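Inspection log for the structure reproduced underneath, given as structure tokens.
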Amino acid sequence: MAVTTTQRPLVRAAGLVKEFRRVKRITGRLGALRTFVGRDYDVIRAVDDVSFDIAGGELVGYLGPNGAGKSTTIKMLTGILTPTAGTVSIAGHDPSRERKANALNIGVVFGQRSQLWWDLPLRESFRAVRDLYGVPQREGDRRQGELVELLDMDEFLDAPVRQLSLGQRMRGDLAAAMLHQPRLLYLDEPTVGLDVVAKQRIREFVAHANAERGTTVVLTTHDLEDVEQLCRRIVLIDHGRVLYDGALTELMARYAPYRDLVVTLAEPADVDVRGAEQVARDGLVVTLRFRSDQVRAPEIIAAVTSVHAVVDLSVVEPRLEAVIGRIYTQRGLPENPA
Ligand SMILES: Nc1ncnc2c1ncn2[C@@H]1O[C@H](COP(=O)(O)OP(=O)(O)OP(=O)(O)O)[C@@H](O)[C@H]1O
Ligand SMILES: [Mg+2]
């Protein structure tokens, strides 16, 4: 007999709003003697009617400029903050009301702030987390062993957290967040301040957790390489509102449907061919931009080489950075594609 079930998303945010009241500073006549006056507040709407669903197994990039409301959203999803309006449901639980039940399902890493015990050796922090979640001894040893190997933490397991480098500390935080094997992992800037190798290690770990364990990941980052490598779907927010929610490839196809052909000429010249526009010239190197949805690279290449002696050439894909940068500066999605 066929059983029909309504597949509930793992994460459901519906009409989420978070307002903060901030005491107004009175300057005016008081000049340098700034003071506070009670009950005089500014209301800041950090998150303004945000809705999205995330299915189990997804790896979603939650992106936006500084102050967009990303961390505030994550804090509502984890239950640290209670929404001013709207609802959050994580595997059927309201995180701010059912904090304990919710805690079993989630792991959280805030790159800017460690969750580890500062004065304890990393090993002891892991022990404390395991006890907190009631992970059985042998199973805990097994999981910890696996995490220590995956994140290459053997060398600094016995050092107090305050002595760890940022990269080591971040690995420690990630491992601590995974020890109870949460279904859902929130990562708020897990690569901030890390060198290229350390960033890559974190990315590989996150990709592994998602692919091998099926861990659902919500990732906030300003490093677009994190996004390009990890996220199929992105949710872009600004001023607390969702600007875009969809596939990364779709965003690129819609807002950057072009390629650049970079040619090095034998003789300096401007290049004028049909279907492409010269957008830069630096010595012998000329950059031609063409609509990749209208014309193919070989046609442009043929047109150029039939007129000019070409020493070298390459076709360059648009960078996510350029598209996202444009969205941030325009404070919205561009009306027209590039
Ligand atoms: N506890 C608070 N009290 C008052 N205002 C706050 C508080 N937390 C955040 N805000 C404000 O809410 C807005 C959104 O902040 P949030 O930290 O969510 O941004 P963000 O997208 O995470 O930015 P960033 O990329 O810089 O981390 C900002 O204007 C911030 O100043
Ligand atoms: Mg933030």
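Just follow the structure's listing: the first ligand is 1, and inside any ligand the first atom is 1. Quantities reported herein were computed from a predicted structural model and do not represent experimental measurements.
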Judged by atom type as modelled, is there a donor-acceptor pair below 3.5 Å linking the side chain of Ser96 to the main-chain atoms of Leu81?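 It does not hold such a pair.
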Please check this pair: side chain of Gln163 against backbone of Pro160, looking for a donor-acceptor N/O pair closer than 3.5 Å. no
Is it the case that the side chains of Thr287 and Asp260 hold a donor-acceptor pair, with the cut-off being a distance below 3.5 Å and no angle test? no
Qualifying salt bridge (charged side-chain N to carboxylate O under 4.0 Å, His left out) pairs, either residue in residues 168-180, two or more places apart: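 Matches after skipping sequence neighbours: Arg169-Asp173.
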Begin with the C-alpha distance, continue with both residues' side-chain angles, and end with the deciding distance and a verdict on side-chain contact (heavy atoms from CB on, under 4.5 Å) for Leu320 and Met252. CA-CA 7 Å; Leu320 173 60; Met252 295 304 283; 3.9 Å; yes
In terms of hydrophobic clustering (I, L, V, M, F, W, Y; side-chain heavy atoms under 4.5 Å; direct or indirect links), are Leu243 and Tyr62 co-clustered?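 No; tracing contacts between hydrophobic side chains, which count when under 4.5 Å, never links both residues.
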With a 4.0 Å heavy-atom cut-off, what residues sit around ligand 1?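 The answer is Phe20, Arg22, Ala46, Pro65, Asn66, Gly67, Ala68, Gly69, Lys70, Ser71, Thr72, Glu189, His222, counting any residue whose heavy atom sits under 4.0 Å from ligand 1.
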Point-to-point distance, once rounded to the nearest 0.5 Å, from CD of Glu250 to CD1 of Ile234: 11.0 Å
Give, for atom CD of Glu139 and atom CZ of Arg130, the distance between the pair rounded to the nearest 0.5 Å. 9.5 Å
Under 2.8 Å from the Mg ion (ligand 2) - protein N/O/S, by chain and number: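 Those protein N, O or S atoms (cut-off: under 2.8 Å from the Mg ion (ligand 2)) are Ser71 OG.
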Taking ring-ring contact (aromatic ring centres under 6.0 Å, His included) as the definition, give me every residue that meets it alongside Tyr133, ordered by chain and number, with sequence neighbours left out. His180
